[in-house]
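This structure is a prediction, so every number in the text was calculated from the model and none was measured. So that the names make sense, note that chain A is the first sequence line, chain B the second, and so on, each numbered from 1.
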Amino acid sequence: MTTRLSLETPPDFNFKTAVYSHGWSQLLPFALDLENWRLSYVFAGETAVSAVIREAGGEIEIELAADKIEQARKAKILRDVRHILRLDDDLSDFYRLTRKEKRLAWVAGLNGGRLLRSPTVFEDLVKTLCTTNCSWALTKSMVKNLVEKLGDAAADGRRAFPTPEAMAGVSERFYRDEIRAGYRSPYFAELAEKVAGGKLNPEAWLASDLPTKELKKEMKSVKGVGDYAAENLLKLVGRYDGLALDSFLRGEFYKRHNNAQACTDREIELFYEKFGDWRGLAIWCDMTEKWH
DNA sequence: GCGTCCAGGTCTACC
DNA sequence: GGTAGACCTGGACGC
């Protein structure tokens, strides 16, 4: 009992570079099978549905672990997959710039630069909060706890990412004791309450008319979101003029471009200035070349 | 086994 | 506008 859906891809799309673009594919409800290059996800909804997404014959094939899925739900899942894989992103201007740099020529060659994202900005926001001031192992652990303790179960037992309402329904204590979120616990509780109560709509950030500086300010009004987190979220809504510097990017930059010596953030910013509004994507691709 | 450090930072108080 | 100190957690590391 499965349902198959498919999507055409643009000519400059590369499934592997998209799903392996950053750590998101390791965070539930995503799971990446690197042997077979199959990306799993559990879509939230009236009933959660597990899916396997893969490339087949130049198309994206989505296998849903359910039959009798309504047309409206199918259409929503197709929209979500387009969003997750960023099939509608136009990176031609970025590729034009990176082709000029010998060390970044691989980006256009591999059609890289599409950063995997979640179906909702809310999910990306919560996950980004889980990346702050901790090891990647702890990030994965917190996200796993959120999904397993608050997400709706699909027929196969896998769980979707929790809704704002589900997250608003538990206490700060729950985040400390069950999610092991530490000092981030009040941030999660406050964020979920605001979103569930309609006082904050992160999804509106996708189509916001605000200049990036103003949008970043709005993102930073969320407790726990500072410069790094806001600029990471900006990348995920398609704005790359912030570098989103964190300890990973700084460390890689020092190794790659500064003889393993520390330097100021300003020096890193100047290094990527030539990429203009694409500088945030340029540094990310530059620092993750070896992944591809 | 224990203590320290630090990782995909941010907040608050203070200057 | 800039900065010091505090903040949860858990794995890595030195002893």
Side-chain angles (χ1 to χ4, degrees), chain A residues 19-28 30 32 113 115-118 121 123-149 167 170-192 194 200 202 213-237 239-240 242-258 260 262-269 272 279-292:
Chain A
V19 299
Y20 206 63
S21 51
H22 64 137
W24 254 218
S25 59
Q26 299 171 36
L27 299 180
L28 290 177
F30 283 117
L32 181 60
L115 302 180
L116 187 76
R117 58 187 173 186
S118 308
V121 181
E123 182 176 331
D124 282 338
L125 171 53
V126 172
K127 285 177 171 174
T128 298
L129 281 175
C130 290
T131 67
T132 57
N133 194 30
C134 65
S135 63
W136 184 243
L138 184 56
T139 297
K140 288 201 281 189
S141 167
M142 284 187 279
V143 173
K144 180 172 181 278
N145 289 336
L146 282 168
V147 169
E148 292 186 346
K149 294 174 192 281
M167 284 186 63
V170 295
S171 66
E172 181 184 327
R173 195 74 244 169
F174 183 90
Y175 287 105
R176 283 188 189 274
D177 297 343
E178 303 294 327
I179 308 300
R180 309 300 293 165
Y183 71 88
R184 302 167 195 79
S185 300
Y187 304 160
F188 287 135
E190 185 181 317
L191 170 64
K194 274 188 182 172
L200 176 72
K213 196 176 170 185
E214 294 302 310
L215 184 55
K216 182 178 171 185
K217 197 173 165 188
E218 190 174 319
M219 289 172 168
K220 285 179 71 173
S221 71
V222 175
K223 279 274 178 62
V225 175
D227 283 329
Y228 150 76
E231 289 178 5
N232 188 57
L233 281 166
L234 283 166
K235 288 181 183 181
L236 295 177
V237 299
R239 303 197 196 202
Y240 304 100
L243 297 188
L245 290 176
D246 55 17
S247 56
F248 167 74
L249 276 186
R250 289 188 184 96
E252 289 298 315
F253 181 87
Y254 302 154
K255 279 189 267 181
R256 211 171 158 82
H257 296 301
N258 208 42
C263 63
T264 64
D265 289 354
R266 183 64 190 143
E267 286 173 281
I268 302 177
E269 284 165 15
Y272 291 98
R279 53 191 178 270
L281 193 53
I283 186 174
W284 185 260
C285 290
D286 197 12
M287 296 305 109
T288 56
E289 179 186 0
K290 62 188 171 196
W291 296 7
H292 306 289

- Protein-to-nucleotide contact annotation, 5' to 3' order, nucleotides 9-15 of chain B [B base; S sugar-phosphate only; - none; under 4.0 Å, heavy atom]: BSSS---
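Shown here for A:Lys235 and A:Gly280, the closest heavy-atom pair between the two residues is NZ-O, 3.0 Å. Taking each heavy atom of A:Arg184 and A:Cys134 in turn, the nearest pair found is NH2-CB, 3.5 Å. The minimum heavy-atom distance between A:Cys130 and A:Leu146, with the atom names listed, is SG-CD1, 4.1 Å.
A salt bridge links A:Glu148 to A:Lys144: at least one charged side-chain nitrogen sits closer than 4.0 Å to a carboxylate oxygen. The pair A:Lys194-A:Glu190 counts as a salt bridge, with a side-chain nitrogen and a carboxylate oxygen less than 4.0 angstrom apart.
Note on A:Arg176: a side-chain N or O is less than 4.0 Å away from OP1 or OP2 of C:dC8.
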- Query: How does DNA chain C look in dot-bracket notation if pairs are Watson-Crick or G-U with both distances under 3.5 Å, crossing ones as [ ], other-strand ones as |?
  - Reply: |||||||.|||||||
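In this structure, CG of A:Leu233 is placed 18 Å from P of B:dG8, rounded to the nearest angstrom. Remark: P of C:dG11 and CZ of A:Arg180 are 11 Å apart, rounded to the nearest angstrom. When rounded to the nearest whole Å, the span between CZ of A:Phe174 and P of C:dC8 equals 19 Å. Distance, A:Leu129 CG to C:dC7 C1': 15 Å, rounded to whole Å. Look at CG on A:Leu138: it is 15 Å from C1' on B:dC5, rounded to the nearest Å. Whole-Å rounding puts the A:Met142 CE to C:dC7 C1' distance at 13 Å. The CG atom of A:Leu27 sits 13 Å away from the P atom of B:dG8 (whole-angstrom rounding). Going from atom CG of A:Asp265 over to atom P of B:dG8 covers 16 Å, rounded to whole Å.
Rounded to a whole angstrom, the distance from the P atom of C:dA4 to that of B:dG8 is 23 Å. Across C:dA6 and B:dT4, the matching P atoms stand 15 Å from one another, rounded to whole Å. Look at the P atom in both B:dA13 and C:dC8: the space between them is 15 Å, to the nearest Å.
Using a distance-only test at 3.5 Å, with no hydrogens or angles considered, no donor-acceptor pair links the side chain of A:Glu172 to the main chain of A:Ser185.
Between A:Phe248 and A:Trp284, the ring center distance clears the sub-6.0 Å criterion.
No hydrogens or angles considered: nothing links the side chains of A:Tyr20 and A:Thr288 as a donor-acceptor pair under 3.5 Å.
Contact of the A:Leu115 side chain with the A:Leu281 side chain is registered, since non-hydrogen atoms from C-beta on lie closer than 4.5 Å.
If you check every strand for non-hydrogen atoms under 4.0 Å, A:Gly23 touches a base.
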